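Okay, structure first, notes after.
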Amino acid sequence: YSLDEWNTMSEDAHRLCFNEERPYEMNTITFALLVADENNDPVAYSTVIEMDKNSAYMQHGGSFPKFRASIKVARAYHLMIAFIKENYRRISTRIKNTNSSMLKLATSADLIVNGIDLLEGELFLNLSWIKT
């Protein structure tokens, strides 16, 4: 989805996935990826910022409550990563250090830890993938 397309649904997606309000005006994305299951029910999403023609940053994302902690979320994440790998030479993302399930998911998609950030007192790990 383009930014304009995503803005029409982003507030609902964020509320469903995180149970918090996030106004669409906060969106600064190049595009959003949304994976649905065979019944067209949304499984997971991710927003992406194109840094340059070779580099994409996975900024934000979440899984929808119906599928949380299911194999469908892992498959959806891998599909989103595969799409980015097909279109960019480099992927980067940031995950909170205590989010072990998300860290396992990212490393299962060949992303590796390459740095850390301290943001507002919380520690985040930087992960990346580079096409060789």
Side-chain angles (χ1 to χ4, degrees):
Y1 294 93
S2 70
L3 173 61
D4 290 337
E5 292 168 322
W6 183 245
N7 279 343
T8 65
M9 63 185 93
S10 67
E11 290 180 359
D12 290 336
H14 192 83
R15 187 178 313 104
L16 286 168
C17 292
F18 298 101
N19 197 29
E20 63 185 27
E21 299 298 319
R22 185 174 197 271
Y24 77 87
E25 294 91 356
M26 298 215 22
N27 293 334
T28 55
I29 67 168
T30 306
F31 60 89
L33 299 171
L34 177 67
V35 177
D37 73 353
E38 61 279 358
N39 298 315
N40 211 30
D41 290 329
V43 176
Y45 78 93
S46 178
T47 60
V48 179
I49 297 174
E50 183 178 88
M51 306 305 286
D52 60 39
K53 291 297 178 189
N54 291 317
S55 308
Y57 175 68
M58 285 185 76
Q59 175 186 6
H60 195 73
S63 59
F64 290 88
K66 179 177 179 179
F67 299 103
R68 196 157 289 135
S70 76
I71 190 67
K72 287 187 177 187
V73 171
R75 289 181 184 145
Y77 186 82
H78 282 259
L79 284 171
M80 291 184 281
I81 291 289
F83 176 86
I84 298 170
K85 284 180 177 181
E86 288 173 17
N87 292 284
Y88 298 91
R89 294 185 50 78
R90 291 181 290 278
I91 302 170
S92 60
T93 193
R94 183 184 301 147
I95 301 171
K96 192 171 180 182
N97 71 318
T98 56
N99 192 344
S100 59
S101 60
M102 194 65 225
L103 289 167
K104 287 177 188 174
L105 191 52
T107 57
S108 75
D110 298 327
L111 277 69
I112 59 167
V113 175
N114 66 357
I116 60 170
D117 282 323
L118 186 61
L119 303 170
E120 299 178 8
E122 296 186 304
L123 189 65
F124 289 83
L125 302 179
N126 296 313
L127 294 97
S128 65
W129 171 86
I130 299 173
K131 185 175 189 174
T132 54

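Computed from a prediction, not measured in an experiment: that's the story for all the values here.
Under the 4.5 angstrom side-chain criterion for Ile, Leu, Val, Met, Phe, Trp and Tyr, the cluster partners of Phe31 are Leu33, Val35, Val48, Met58, Tyr77, Leu79, Met80, Ile81, Phe83, Ile84, Tyr88, Ile91, Ile95, Met102, Leu103, Leu105, Leu111, Val113, Ile116, Leu123, Leu125, Leu127, Trp129. If you chain together ILVMFWY residues whose side-chain heavy atoms come under 4.5 Å of each other, Met26 ends up in a group of its own. Taking a 4.5 Å side-chain heavy-atom cut-off between Ile, Leu, Val, Met, Phe, Trp and Tyr, the cluster of Leu119 extends to Phe124. Residue Leu34 is found in a hydrophobic cluster whose other members, listed by chain and number, are Tyr1, Leu3, Trp6, Met9, Leu16, Phe18, Ile29, Tyr45, Phe64; membership requires side-chain heavy atoms under 4.5 Å apart, directly or through intermediates.
Side-chain atoms of His78 and Ser108, non-hydrogen and from C-beta on, do get closer than 4.5 Å to each other. Two residues are said to be in side-chain contact when any heavy atoms from C-beta on lie closer than 4.5 Å; Arg90 and Met51 fail this criterion. At least one side-chain heavy atom of Lys85 sits under 4.5 Å from a side-chain heavy atom of Asp110. When side chains are defined from C-beta on, Glu21 counts as touching Arg15, because their heavy atoms get closer than 4.5 Å.
Residues passing the side-chain contact (heavy atoms from CB on, under 4.5 Å) test with Asn40, sequence neighbours excluded: Ala36. Partners of Glu50 by salt bridge (charged side-chain N to carboxylate O under 4.0 Å, His left out), not counting sequence neighbours, listed by chain and number: Lys53. Every side chain to side chain donor-acceptor pair (under 3.5 Å) that Arg22 has, sequence neighbours left out, goes to Asn27. With sequence neighbours excluded, the residues forming a side chain to side chain donor-acceptor pair (under 3.5 Å) with Asn126 are Asp117, listed by chain and number. For the side chain to side chain donor-acceptor pair (under 3.5 Å) test, no residue two or more places apart in sequence or in another chain qualifies with Asn39. With sequence neighbours left out, Ser2 forms a side chain to side chain donor-acceptor pair (under 3.5 Å) with Glu5.
Legend: salt bridge (Lys or Arg N to Asp or Glu O under 4.0 Å) pairs involving residues 61-70, not counting sequence neighbours, sorted by first then second residue: Asp41-Lys66. Screening residues 120-132 for salt bridge (Lys or Arg N to Asp or Glu O under 4.0 Å) gives Lys96-Glu122 as the qualifying pairs, with residues at least two apart or on separate chains.
Residue Arg94 holds its CZ atom at 13.0 Å from OG of Ser128, rounded to the nearest 0.5 Å. With rounding to the nearest 0.5 Å, the separation of CG in Leu118 from CG in Asn97 is 9.5 Å.
Smallest separation of non-hydrogen atoms from Ala44 and Ala76: CB-CB, 3.9 Å.
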Query raised in the report: Between Tyr24 and His14, is a side chain to side chain contact (heavy atoms under 4.5 Å, CB included) present by the stated rule, with each step listed?
Result: CA-CA 10 Å; Tyr24 77 87; His14 192 83; over 6 Å; no
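Around CG of Asn19, the count of heavy atoms belonging to other residues, nucleotides or ligands within 6.0 Å does not exceed 12.
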